[in-house]
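Model, not experiment: these values are computed from the prediction.
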Amino acid sequence: KVPNITCVPILLQEGRAAITTSFSTFKYMALYSLVLFSSVSILYWHFSYLGDKQYLYGDMVIILGFSFVMGITGPYPQLAKRRPPGTLAGIYVLLSLIIHVALAVSFQVAGIVYLHSRLWYEVGDFDSTASSENTVIFQFLMFQYIFLALSLSTGPPYRKPIYTNLPFMLCLAVTVPCTTYLTLAPADWLPGLWSFMTMQPPPFFLFRLAIFEMILLYITLTYLLEAHVFHSEWWHTVLRVIRFKRTPRNRYKHVLKSIDPQWPPLDVHCTETVQL
């Protein structure tokens, strides 16, 4: 035991990392439910639905794996000036959830519209999982599961970079190639896999490549939102304007404003007497 206060920064680092991880896990599970609901609703609109094996792949392989390893990332070694959000019901969390869901649904709808615009498209059997709409939505949904987990696991200023979380990187190394294969592979490769997954791969490679490019665009936008927008200073300024927040509501912030910025002096030894 050390008889001084050197443990305080470590306690703050661990606490901030813990609350950030808790909020990220909550947002991931909430987004998982909301994005899945939107996907199922779109498929029901087109008289289709996700198959049992597709649910099994999404829930047991992707969601269960990432939900276990998201919280292993350690705290960032340097303290940030801004503290993390302190409530799940705040506008910071709720507005980010709404934006993520809107973005995910927009790309799913764009994929269906692009599918229906192809000349080779034919309406499949009603009440079936083996349809082109099912395949497109499933491909979007699986990548959204994976990269929502990645974007919500951003590192600094409260946690270490995500590449330091080796189990998380292992999950990425397994799920990304498998899901990419399910997106780009033609129907004559491992035909038993498609029947097992109750999927109907689109017949043309250029269409599958276009869907994959749309997925890459979605991944880029999602990462930029979490890494460079939701944690930026101008985003907090916008939210303060929305909330009509002109002055700080916390008493400690008013005290902090009243303190001389040159205090305490940092360029002297702690044993010396300083004239303030």
K.L.:
Could you work out, with side chain to side chain contact (heavy atoms under 4.5 Å, CB included) as the rule, every residue matching Ala185, not counting sequence neighbours?
P.N.:
Tyr181, Trp189, Trp194

K.L.:
Among pairs that include at least one residue of residues 15-37, which meet salt bridge (charged side-chain N to carboxylate O under 4.0 Å, His left out), considering only residues two or more places apart or in two chains?
P.N.:
Lys27-Glu226

K.L.:
Among residues two or more places apart or on two chains, list those pairs meeting salt bridge (charged side-chain N to carboxylate O under 4.0 Å, His left out) that have a residue in residues 51-73.
P.N.:
none

K.L.:
Check the side chains of Ser48 and Ser131 for a donor-acceptor pair under 3.5 angstrom, ignoring hydrogens and angles.
P.N.:
yes

K.L.:
Checking Val8 now: which residues fulfil side chain to side chain contact (heavy atoms under 4.5 Å, CB included) with it, not counting sequence neighbours?
P.N.:
Ile5, Leu12

K.L.:
Check whether Tyr55 and Leu31 end up in the same hydrophobic cluster, where Ile, Leu, Val, Met, Phe, Trp and Tyr are linked by side-chain heavy atoms less than 4.5 Å apart.
P.N.:
yes

K.L.:
Quick one: are Ser24 and Arg159 in side-chain contact, heavy atoms under 4.5 Å?
P.N.:
yes

K.L.:
Could I get the full list of side chain to side chain contact (heavy atoms under 4.5 Å, CB included) partners for Ala110, not counting sequence neighbours?
P.N.:
Met214

K.L.:
For residues 21-44, which residue pairs pass the ring pair (Phe, Tyr, Trp, His ring centres under 6.0 Å) check, not counting sequence neighbours?
P.N.:
Tyr32-Tyr145

K.L.:
If the condition is side chain to side chain donor-acceptor pair (under 3.5 Å), which residues does Ser39 pass it with, not counting sequence neighbours?
P.N.:
Gln108

K.L.:
Just grab all the ring pair (Phe, Tyr, Trp, His ring centres under 6.0 Å) pairs involving residues 101-120, residues at least two apart or on different chains.
P.N.:
His46-His116, Phe107-Tyr218, Tyr114-Phe207, His116-Tyr121, Trp120-Phe204, Trp120-Phe207

K.L.:
side-chain hydrogen bond (donor to acceptor under 3.5 Å, both in side chains): which pairs involve residues 160-175, sequence neighbours left out?
P.N.:
Thr73-Asn165

K.L.:
Using the side chain to side chain donor-acceptor pair (under 3.5 Å) criterion, which residues pair with Thr179? Sequence neighbours excluded.
P.N.:
Tyr57

K.L.:
Mind checking ring pair (Phe, Tyr, Trp, His ring centres under 6.0 Å) for Phe66 and listing every partner two or more places apart, or none if nothing turns up?
P.N.:
Phe168

K.L.:
Report the residues that fulfil side chain to side chain contact (heavy atoms under 4.5 Å, CB included) with Val176, sequence neighbours left out, ordered by chain and then residue number.
P.N.:
Ile146, Phe147, Leu172, Thr180

